[in-house]
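Just so we're on the same page: letters track the sequence lines, and every chain starts at 1.
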Amino acid sequence: MGQAQATVSLPEPTVISRILRGLAGNRTGTIGFVLVVLILAAAIFASWISQYDPAAIMTGPRMAPPSSEHWLGTDNIGRDLFSRVLAGGRVAMLVAAASLGAALSLGLVLGLVAGLGPRWLDNLLLLLFDALRSFPTIVFGLAVVTLVGPSLFTVILVVAITSVPIYARIIRTQAQSLRNAEFVMAERAMGAGLPRILFVHVLPNVLGPLLILASMDVPLVIATEAGLSFLGMGVRPPTPSWGVILNDGYNFIRNSPWPVIAGSVPIVLVTLGFTFMGEALRDIFDPRLQKAN
Amino acid sequence: MHSYNTTRGNGHVPLMRIEELSVDFATARGPIHALRHISLEVAAGRILGLVGESGCGKSSLAYSLIGLLASNAHITHGVIRLGDDDLAHLPAGRWRALRGKRIAMIFQDPMTSLNPVRTIGQQMMDIQYRERITRAEKRKLAVDFLAQVRIPDPEARLDSYPHELSGGMRQRVCIAMALLTRPDLLIADEPTTALDATLEVQIIHLLRDLQQQFGCSVIFVSHHLGTVAELCDDVAVMYAGEVVEQGSVDEIFRQPAHPYTQALLECDPGSIREATRILPTIPGSLPDLRQVPSGCIFQDRCPHVFERCRREHPGFYSGERTQLVRCYRVAGEGEITS
Amino acid sequence: ATMPLGSRIWAQSGQVLRLSAYADIDALDPAFYQNGYNVDVMNCIYTKLIRYKAGREWDWELESAEEIEQVDDTHIRFKLKQGLQFSGDYGEITAEDVKFSFERAISHDSPVKSDWGPLDHVEVTGRYEGVIVLKEPFQPLWTIALPYGTGHIISKKAVLDATDDGGNFGMTPPVFSGAYVLAEWKPNQYVRLTRNPAWTGPAPGFEEIRILPMDDTKTAERAYEAGDLDFTQITLSSLAQYRQDPPANTTIKEYPSLYYVWLGMNLDNPALGDKNLRQAIQYAINVKQVVDAAYFGEAEPATGLIAPGLPGHRDHSAIPVEGDLDKARAFLQAAGGPPSQPLTIDTLNASEWTTMAQIIQAQLSRIGLPTQINVQDSGSFWTLGMESEGDRWKNMQLVLNRFSMLPDPYYATSWFVSDQVGIWNWERFSSPEFDKLHQKALSETDSGERAAIYRQMQDIMEQSGAYRFLTHEGSPVMYHDSLEPALRPDGRPLLPRFSGSV
Amino acid sequence: MIYYATQRFLLSLLIVIVAISLLTLMLHVVPGDPATMILGPRATPELIEKTRVAMGLDQPLPVQIVTFFGRILHGDLGTDVFTGRAVSDIVFEQLPYTLVLIAASILWSSILGIVLGCYSALRAGTWLDTLSGILSVGTISIPAFVMALYAVLIFAVSLGWLPAIGAGEGFFDEAIHLILPAFAIGISWVGYIARMVRASMLEVMGAPHVRMARSFGLTEARIVRAYILRIAVQPAVTLLGTGVAHLFSAAVFVEVIFARPGIGALIVSSVNERNYPIILGAVLVTTAIIVLATLLSDLIVALLDPRQREAL
Amino acid sequence: MSLLEVKHLEVRYRRLSRVKAALQREEATFPAVADVSFTLEAGRTLGLVGESGSGKSTVAKSLIGLQSASGSIRYDGREIGSASHSEWQRLRREISMMWQDPIGSLSPRLSIASLVTEPLKIQGRKCSPDDADRLLSMVGLSTDLGSRYPHQLSGGQARRVGVARALALDPKLLIADEPTAGLDMSVQGEILNLLNEIQSRTGVAILVITHNLNLVRHVTDEVAVMYLGRFVEQGPTDAIFRHPRHPYTEALLSANPSPHPDERHGRIELSGEMPSPVWRPAGCEFHGRCPHARPDCADIIPGWNVEGERGHACRYPL
Ligand SMILES: Nc1ncnc2c1ncn2[C@@H]1O[C@H](COP(=O)(O)OP(=O)(O)OP(=O)(O)O)[C@@H](O)[C@H]1O
Ligand SMILES: Nc1ncnc2c1ncn2[C@@H]1O[C@H](COP(=O)(O)OP(=O)(O)OP(=O)(O)O)[C@@H](O)[C@H]1O
Ligand SMILES: [Mg+2]
Ligand SMILES: [Mg+2]
C-alpha cells in the first residue's frame, strides 16, 4: 500500500509506453518485436517489394540459385522464390490471424460456458476437449483435409479446431478463478447480472493474456500449415505459402537447397519473432501467466 | 554526510554497526532511493525492533544485512560492519560463509518460505551441510530444535511436507531452522503478520524465550508497536527510508521525541485507552522516494514544522534522554551531528 | 560413401540383393493379388508357364512350360517340364495344379478374375499336359495373365490343406514353387526371400533378396546413395541430376513406363457441355511444356493411351503436342467465351501433379480461361468420378489422371467403354463405336490389325474433346555397376533373374 | 487414492470412447472407399459390396461404433479384410517402433532441454542466454520433416555415418537406426522444454523459499538441484505428457522419410487407403497411449510434488 | 422491529463430492457457520470479530445473498433467505457491502470513475460525470483520481473507493468486511472515522467485520466474537471490553497491547492452533486452547448464557 502511495504523485504510464519500456529492458523481447514488425511490414508491402508475380511461371531458369535477378533463386517451374516467400508471408499471416481469431472466439465462448456454466456442462465440454486433444493432430488434420479439400480455408479450419480445446481450457480456468474473484463477488453483491459481469468484468480480463498466448501460437499455425503441405494438403496451388515452398523444394533438396532454405528461414524468423515478443509481453503484463493446459 | 558514532556509552557491545547506509532500487521510472543514511547499531545479545509503516524500508534494510536485496537494488553508500567484514561491500563468494552461520533470517510469510517439495527434515538437514557430523546426528539435532520450538511429536514431523503443517507450525519450523545454525544475528522480518492474533502471541513469546536461551542478537522487524514494545530491548523507528528515532524501547515508547513517532503511537488502537468515536490519524501522504525532498522527510505531515525543516535535512539529535532523534525540535538539547 | 553399419552386417551374410518397393506387400495369393508390387514377390516364390522376357521388347518365353501353343481362338495347349517340385512335401508340379491355380480366380470371384477374361476351364490331358479353354477369343491372356500375377502356379493339395475351400490364403503361402521362398516378412520393414531348396531350375543369382517398402521414391534414392540399396527406381525429377553427377559405381538406365497420364473432361458437367470449349482446352495445352516442367524434361509427351512398344501406339496425336493457341482462342470464341465460373482441375497431391496442374492453369489462362486447382489425397481422388460415392462426379470438371497399365492395349482401353461410365470412365465418354472396336480387338489375332483398331479407338477418344493425352512418364533405374539386373521393357525388375554381385 | 485412480481411469476410458466415436463420425463423411483403394480397379461391384459388408460399413453408424467397442471388450480389434490378418497384430507389430522412437526423442530432448533451460535461467539476461534462446526457439520452428531430410542428407548420404532408412535388427543396430529419426523429432522439443524450464526456473528462483534457502548459505548448485529444479520441471513434464499427441504426429513425417516401420506411417497409409478397421484400431491404440501418457505425466508431477500427491 | 434479524444461521460448505463422500462414508459438507443469531438496529453498528477462518465473511456473504444458508434472515421484517432474483435486485439497493480486499474487489479494467458509479449503472439509474465526482469527494478523494485504474491506487485510496461504492445508493445496511485489513494504522483510523461520520449523517446500520478487537471498540455499539463458526460472546462493546466473560474474548483483547510501557498488561498466550471447522473438537470447541479449561469442558457443549444485554457460551465464565 505504501508502495502505491509513494508513486501516486507520478503520472501513470500508458499501456504502450509500458510495453515499450518493458521491451527495451529485454533483449530477446526487442529482437522479437523488431522481427515481428519486419515480418508484418514485408507481408503488407509484399507486392511493392518484389518485382515478380509470385504465381508467374518461367520468369527465369528452373531451380536457379540466388542471383541479382532472383534474390532467392527460382523454383522448379521457374517462379521467383523471393516474391513467393513474401507472398507466402502474407498467406501465413492471414492464416494465423484467421485461424487464431476463430479459435479464440470459439474457445472464448466454450471456455466461458464451461467455466461459468453448470457443472455437468463443464464436465461434458472438458471431456470433449480432452478427446479432441488426444487424437494425433495429424490424423485429425488428414480427416478434415480429405473432407473439405485442401485450401487456405481448410488449413484455417484445422488449426482453429485443434486450438479451440487449448484456448477453451485456459479460458475455463481463468473464468473459474474470476468467478470467485472478489471483484466479481462485489459486482454480484451490487446486483449486476450475468451479461454485465461477463462482458464488462470477466472478458476484458481474460482477453489480454489470451491475445499474448495467441501471438505465441502464430508459429504453431505456420508449422501446421507446413506439415499439411508436406503431406500435400496445404493451401490450394498456385497460392504461395511457406509450407508449399518447402514441400516443392524438398524434392530437389539434394542438388538445390535454395527453395528449402527460402521456405524454412521465414518460418524460423516468425517463430523467433512471435515467441520472443509473446514471452516479453507475458513478462510485462503477467509474469505468472504460463501456458498451462 | 559525515560519519559519526552512535555509541552512547550505554555499555552494550555492538555486534553489527550500520553506518550511513543508502540503497537505491533501479526501476523503469528512475531510481527509488529506498534507504537513505541509515545508521544503526545492533547490540550483542539484545533485540532491536525496527518499526514503521508499510513501505518505509524495513525489509530492504533487513535484506541488505544478509545480502539478499533484490537484483535491481544497489547499495550506493555506507558500510555494514560485522566483525572485520564490511557487508556492504562483501564479495558474493564471502556471503555464503556468513549466511546460515553468523546471520540467519526468518521471513514474513511462513506459507511460502519453506520449500514445498522437500520434507521439513530434509530442509533442516540441508542447512547443516557445514557440520561434519553424521546424518543421524543431524537428524537428532533437527528433532531437538523442533522440540525447542514446541512442535508436538517432532520426530514424526520431520517427515512431513510444509503443506501438511499449519501456518503457526511452519513459522516455528522456520524459527527452529534459523536457530539451528546458531547465528550471532537473527533477522526476523515481520514473522507474525501472516498469522492470527492469538498465534502471534505464541510466536513472540517463543522468540523471546529462545533469544534468551541462545543469547544471539535479534533484529525484529514489525509494524506492530505493541509487539515490538513487548519483545524488544531497543527500537528504531523508520519513516520513508530513514531512521527517524532510535533508542531503548522504554524510553521511546514512554516519551517519543520525533513527531512521527508520536503520531504513530497515538494512532495505535492498542494505546487508546478511553473510548472515542474519532480515531487519531496522520494527515498527508508519504513523500515520493524518487524525488526525496530536501529538508526533513516528515515536513509535509509534521504539525510542528518550521522553516529550517524545509531547508536542511536534520541529523541525529539527542534530548535530555538517551534516544537519538532526527528532529530540530530536539536539536536545542544537544546536537550530535551537523 | 562408406557403408553404414546396418548394411555391413547384412553384407556379411553373403550375396544379398537389396532393393526398394513402392509399397509393402498385401497379398501373396496369385489368384487374389491386387497390385503390381505383390507380383514382384510372387515372381520369386512361384513359377508360371511363361514369363516376360527381360529386355527392351515386350515378349514372353517359357518358364515351367516345356511347350505352349494357341491351338485355336479359344484353346491353348501346354505341357509342363517334368521334375519341377513344390516346396515342403507337396511333390511335383502337375497339370492338375495348373488347372487348380488358374480356375481359382474365377471360382472364388477374385478381384482380378478379369485377367483371365473369358476363361472357361482348364482341361487336364495328362500328368503334365493340359488345355486352357476359353469361352471366346481373348488375346490379352498371353500378355497379362499367363506371364503375370494370375499365371502363377501353386499346389492344389497345399492350398486345400491350408484353406477349407481353396480360397484366398492371404499373406501366408502354404507352398512355394519358385526359385525363392518367403523367409520372413516384417510389415513395413522388409520382405526377405531366400533360395528355395526344392527349386530345380537354374540357381538364382542371389542367396537372399530383401525388398524394402518405401512409399516415396526420393527416400529410396537417398537410401541407395547411403548404401542401403543395390537397385532402385529413381524419379524423373532426379534423373538429370543423377546423370550429371551419379553416385559412385552406379549405372543409370532409362525405360519407358506403361503409365498413361491425361487431362480428362467431364462430358456430363454442364460447364463442359460445349465441345468447342473442350477443344479450346485441348488446343491451349502445350503438352511438351507441361511434361517438361513436371518431369524436368525427362519424359516424352504422349500421343495417346498406349505407350510406345505396345501394339496400338500412335505415332502422333491429332492435336499437335505443342497445342495451338490461335485455334484454341477460336474454339473459345465459338464456345461463347470462357464460362462464368472458373473451371476446376482435380489432381492428386504429389508434386508432379500439382506442377502439371499449375502449368496447365497458366496455359489456360493465356486464352483467358480461369481455373482453380483442387488437390486431393489419394483416397478422395480415386473415388472422385465414381457414382457409388455420391454426387461428387457431377461437380468434377477437369481431372488430371493417371492409370497404370499391363502390357496389353486392351487393358488401357477397357476403362473407357460405356459400361465403365461412373466407375472408372470419369469423363463419362460413351461411344458405341468405341465399345464395338474394344470387343473386336479382343479376339483379333492378327497383331497388325489389332494395333490398327486400338489406334482408331484413341482417335475417337481424342475427337470427343474429353481427353488431352499428356505422357507415359518414364521409369529410370539405378544400380551398382557390378549388378546385372533383369528388367521388363518398362523397367520393372524380374527379380529371380538378377545376377552379378553387390 | 483408489477413488482418484478409478475416476481417472473411467475418465480416460470415456475420453477414448468419445475420441473414437468422433473419429468414426469423421471418417464417414470423408469421401473415399477402401474397396476401390485396395481391391484395385478390376474389382467387381459385387466384390466391393462384399468387402463393405465384411468391414461392417453397411451398418448404421451407431451400430458400427457399438460393435467396435463391443469387440474391444473381448480384446479383438477386428480383422483386416484385405490381408486377413488381425488388426491387433498389424497395430502391435508397428507400435513398438513408434514408441521406441518417441521415448528416445523425449529422453534426449528433455535432458538437453532441461540443461539448456537451466543454463539460460541461471544466466538470464546475458548474451549467452539470448543465444541459447535464439537457438532453442529457432529449433522449435524448423519442421520435423525438414530436419529429418537434412539429417539424412548430411549424416547418411554425404557422410555415410548413419543408416538412411529402416529400423535395423538387433539391439545395437536398432539403436543406431534410431539416432537420426530421434534427432529430427526431438530437436524442436529441446527448444520447447528449454523455454518452458527457463520460464518456470525464473519464476521459482524468485520464490520466497529459494530466498530462504539462500539465507542459509546453501550452495547455488544445491539450491538449483534440490530446491528449484524439482518444481521448475513440472510444467515441462506436463507439457511432454500432453505433447505425446504431437510427437505421434511428428513420427508420421519421420517414419515416411526414414522408411521406418511405425504406427504413424500405418495410420497415414490406412487413411489414404480408407482402411477403416486399421485406422480405428491404430487410432484407438494411439489415443489410449496418449491418454495414458497424460496420466503418466500427472503421476510424475505428483511424484515430484507432494502437494499434487494430495490431490490423488 | 429491528432492521436486521438473524436467527440460527447455518452455512455448510461442500468438502467432498457426493460420490466420494458416499464411497468414504464421510459427511460431504461441513458447517462454516453454525447457529448464529443477532439483531441490528438502524443507525447502529455491530462488530463481528474472530480469527481467520472463523466464518465472518461467510456470514456476510449469506446476508447479501451470495451464499445460501439455512436459518432465518429477516431484513426490515421480511424474510430474505428465500428471496427471489428480482427481490434481491431491489434488496441490493438497500444492503451494500465493502469487501475484504480493497484493490481486488475493484474490477481491474475499469476506471475509478466508472467503478464508483457501478451501483448506479447496475440499478439502471442515469448517471453523469458529476456523480462520480460527487461520490469521490464524499469519501474525501480528489476527483482527478477518477481517470485512474485500481492498481494505481494505494490501499487506503482503494478502501475509500469501496466506501463510496457502498454508499452510492444510500443503503440502509452496510456490511464492511475487514475494512481496514492491510492498512497502516493511521489510514485505518481514517477509514473508520469516515464510516463513523457517514453513519451519523445517514443513519445507516453497519456490520463491521474484523479480526482486531481493539479496533471495533471505538466504532461499534455492540460486538459479537466468533470462534469456529459460532458466537462465543456477544454484547454491548463497552461491557465486553470492560469485562470479557469468555476466555477467547479475553485472549483476543490482549492480542493488541499498548506499546506504552506503563500500560502493558502482558498477553494471554493460548496453546495449540485453531482447529478446522471440518474436524470440530468435542465439548466446548475452545477447550483445547483455553487457559482456564476444566476437565469437563472437553465433554459438555456449553449452552448460550444470557446475562442481561449480553451473552456468552462458556460454562465457567471469567
Ligand atoms: N525490488 C524492488 N524494486 C523497486 N522498488 C522496491 C523493491 N523492493 C522494495 N522497493 C521499494 O522500496 C521501498 C521500501 O520497501 P520495503 O519492502 O523495504 O518496505 P517495508 O517497510 O518492508 O514494507 P512492508 O511493511 O510492506 O513490508 C518501498 O517503497 C518499495 O516500493
Ligand atoms: N467457498 C468455500 N468452500 C469451502 N469452504 C469455504 C469456502 N469459503 C470459506 N470456506 C471455509 O469456511 C471457513 C470460514 O471461512 P470465512 O471466509 O467465512 O472466514 P473468515 O472469518 O472470513 O476468515 P478471514 O478472516 O480469513 O477472512 C473457513 O474454514 C474456510 O476455509
Ligand atoms: Mg517488508
Ligand atoms: Mg473473511
### Proximity breakdown for E/Ser254 and chain B, heavy-atom pairs closer than 4.5 Å
neither

### Message
Less than 4.0 angstrom from a charged side-chain N to a carboxylate O is my criterion; do B/Arg208 and E/Glu269 meet it?
### Response
no

### Query
CG/B/Leu279 to CD/E/Gln188 distance, rounded to the nearest 0.5 angstrom?
8.5 Å

### Summary
Smallest heavy-atom separation, B/Ile282 atom then E/Glu190 atom, equals O-OE2, 3.8 Å

### Message
For E/Leu213, which atoms come within 4.5 Å of any heavy atom of chain B: side chain, backbone, both, or neither?
### Response
neither

### Task
Specify which of B/Glu266, B/His224, B/His223 makes the most heavy-atom pairs with chain E at under 4.5 Å.
B/His224

### When E/Asn212, E/Asn196, E/Val219 are compared by non-hydrogen pairs under 4.5 Å with chain B, the top option
E/Asn196

### Summary
When the 4.5 angstrom heavy-atom criterion is applied to B/Thr193 and chain E, the contacting part is neither

### Query
Run the side chain to side chain contact (heavy atoms under 4.5 Å, CB included) check on B/Ser285 and E/Gln157 step by step: do they pass?
CA-CA 11 Å; B/Ser285 63; E/Gln157 288 169 328; over 6 Å; no

## Note on the structure
B/Arg301 and E/Ser186 have their tightest heavy-atom pair at NH2-OG, 4.3 Å

### Message
Given heavy-atom pairs under 4.5 angstrom as the criterion, report whether the side chain, backbone, both or neither of E/Phe241 touches chain B.
### Response
neither

### Query
What's the shortest heavy-atom distance between B/Ala197 and E/Leu252, and which atoms?
CB-CD2, 4.1 Å

### Task
Specify which of B/Arg150, B/Met169, B/Glu53, B/Glu200 makes the most heavy-atom pairs with chain E at under 4.5 Å.
B/Glu53

### Task
Kindly give the heavy-atom pair with the smallest separation between B/Thr198 and E/Ala251, and that separation in Å.
CG2-CB, 4.3 Å

### Message
Please classify the contact between B/Ile252 and chain E as side chain, backbone, both or neither, with a heavy-atom cut-off of under 4.5 Å.
### Response
neither

### Taking every non-hydrogen atom, the tightest pair across E/Met185 and B/Leu225
CE-CG, 4.3 Å

### Query
Which heavy-atom pair separates B/Thr281 from E/Gly189 by the least distance, and what is that distance?
CG2-C, 3.5 Å

### Query
Is E/Glu309 atom CD crowded by more than 12 heavy atoms from other residues, nucleotides or ligands, each under 6.0 Å away?
no

### Task
Using a cut-off of 6.0 Å, state whether more than 12 heavy atoms not belonging to B/His33 lie near its atom NE2.
yes

